[in-house]
Amino acid sequence: MMPTVLRATNELVAAGWLAGLPELDANMVGPSLPNDNTTWAASGFVQVTTVGGGPNIYVKVRKPVVQVDCWAVSPSSNKAPWGKANYLAEVIRSGADDHPSVPRDVVLPGNYPTARVLTAYLLTEPRKVLGDSSSYARYQFDLQMDWVEL
C-alpha cells in the first residue's frame with residue numbers, strides 16, 4: 001500500500017499565514033468557529049473559508065480568495081464587542097500591508113509540506129456583519145493570497 005501524500009490546502013495555508021502575524025496565534029485561527037466560546041472570548045477568533053480564486057495552469061501557484069470572519073464575543077453580556085472584532089480585521093490588514101509578512105514561509109501542522117505565501121492583500125474592506133446573536137460581533141472581508149507548496 002502506498003503512503004498517503006499530504007498536500008497543503010488553501011485553508012491550511014491561510015490559517016497558517018494568519019497565525020504567524022503579530023498579535024495572532026494558531027489557537028485564534030481556523031476553518032470553523034469553536035463551539036465553546038469561552039475558549040476564545042478573551043482573544044477573539046479568525047475563521048477562514050475559501051470562496052473563490054483560480055489556480056495558474058502554467059505555474060503551480062495557487063490564487064485563492066479566502067473569506068475572513070473576525071469574531072468576538074461577550075459571554076456574560078448582551079453587548080457585542082464590535083471593537084475587538086474590528087481590531088482583529090485591522091491586525092490582518094496591517095499584516096497584509098507589511099512587506100516582511102509577504103513573502104513568508106508557512107509551516108503547516110503534522111506532515112503537511114511547507115508553503116510559501118507570495119502575496120496577501122485585501123480585496124474588500126472589512127464590513128460589520130449584523131444579525132448574529134447579540135453577544136457576538138463579526139467583521140468580514142475577502143483576502144487574496146498567492147502561494148506555492150515547497
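Bear in mind the structure is a predicted one, so any value in this text is a computation, not a measurement.
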Between atom [atom1] of [X] and atom [atom2] of [Y], what is the distance when rounded to the nearest 0.5 Å?
X: Leu143; Y: Leu18; atom1: CG; atom2: CG; answer: 6.5 Å
X: Ile92; Y: Trp17; atom1: CD1; atom2: CH2; answer: 8.0 Å
X: Gln67; Y: Asp142; atom1: CD; atom2: CG; answer: 6.0 Å
X: Asp69; Y: Thr49; atom1: CG; atom2: OG1; answer: 6.0 Å
X: Leu6; Y: Glu149; atom1: CG; atom2: CD; answer: 9.5 Å
X: Leu33; Y: Arg138; atom1: CG; atom2: CZ; answer: 9.0 Å

- Full working for side-chain contact (heavy atoms from CB on, under 4.5 Å) between Gln47 and Trp71: CA-CA 8 Å; Gln47 182 180 7; Trp71 294 88; 3.0 Å; yes

- Query: Would you say the side-chain atoms of Tyr136 and Asn37 include a donor-acceptor pair closer than 3.5 Å?
  - Reply: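 Yes, because at least one side-chain N or O of Tyr136 sits under 3.5 Å from a partner of the opposite role on Asn37.
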
Between [X] and [Y], is there a donor-acceptor pair closer than 3.5 Å when you use the side chain of the first and the backbone of the second?
X: Thr9; Y: Leu12; value: yes
X: Lys60; Y: Pro55; value: no
X: Ser74; Y: Ser76; value: no
X: Glu11; Y: Thr50; value: yes

- Task: Using side-chain contact (heavy atoms from CB on, under 4.5 Å) as the criterion, point out the one residue from Leu122, Leu123, Val66 that pairs with Phe141.
- Result: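 The option that passes is Leu122.
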
Going only through I, L, V, M, F, W and Y residues with side-chain contacts under 4.5 Å, is there a path from [X] to [Y]?
X: Leu118; Y: Val13; result: no
X: Leu150; Y: Val61; result: yes
X: Met145; Y: Leu108; result: yes
X: Val65; Y: Val48; result: no

- Query: Once the angle between the rings of Phe45 and Trp40 is folded into 0 to 90°, is it parallel (under 30°), tilted (30 to 60°) or perpendicular (over 60°)?
  - Reply: tilted

- Task: With the side chain counted from C-beta on, respond yes when Arg116 and Arg104 share a heavy-atom pair under 4.5 Å apart, and no when they do not.
- Result: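 Not in contact.
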
Quick check: closest heavy atoms across [X] and [Y], and the distance to 0.1 Å?
X: Tyr121; Y: Ala96; result: CA-CB, 4.1 Å
X: Pro126; Y: Glu90; result: CG-OE2, 4.2 Å
X: Thr39; Y: Asp36; result: OG1-O, 2.7 Å
X: Ser77; Y: Ser135; result: O-CB, 3.1 Å
X: Val46; Y: Cys70; result: CG2-SG, 4.5 Å

- Task: Name all residues meeting the side-chain contact (heavy atoms from CB on, under 4.5 Å) criterion together with Asn35; count only those two or more places apart in sequence or in a different chain, and write none if there are none.
- Result: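 Counting only residues at least two positions away or on another chain, Asn35 forms no side-chain contact (heavy atoms from CB on, under 4.5 Å).
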
- Step by step, work out the side-chain contact (heavy atoms from CB on, under 4.5 Å) result for Ser43 and Met28. CA-CA 7 Å; Ser43 62; Met28 297 172 64; 3.7 Å; yes

- Quick one: list whatever passes side-chain hydrogen bond (donor to acceptor under 3.5 Å, both in side chains) with Asn10, sequence neighbours left out. Trp147

- Task: Dump the intermediate steps for salt bridge (charged side-chain N to carboxylate O under 4.0 Å, His left out) on Arg93 and Glu125, then the final yes or no.
- Result: CA-CA 9 Å; Arg93 177 201 305 266; Glu125 286 292 321; 2.8 Å; yes

- Whether over 12 other heavy atoms sit under 6.0 Å from Asn111 CG: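 Check fails, neighbour count at 12 or below.
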
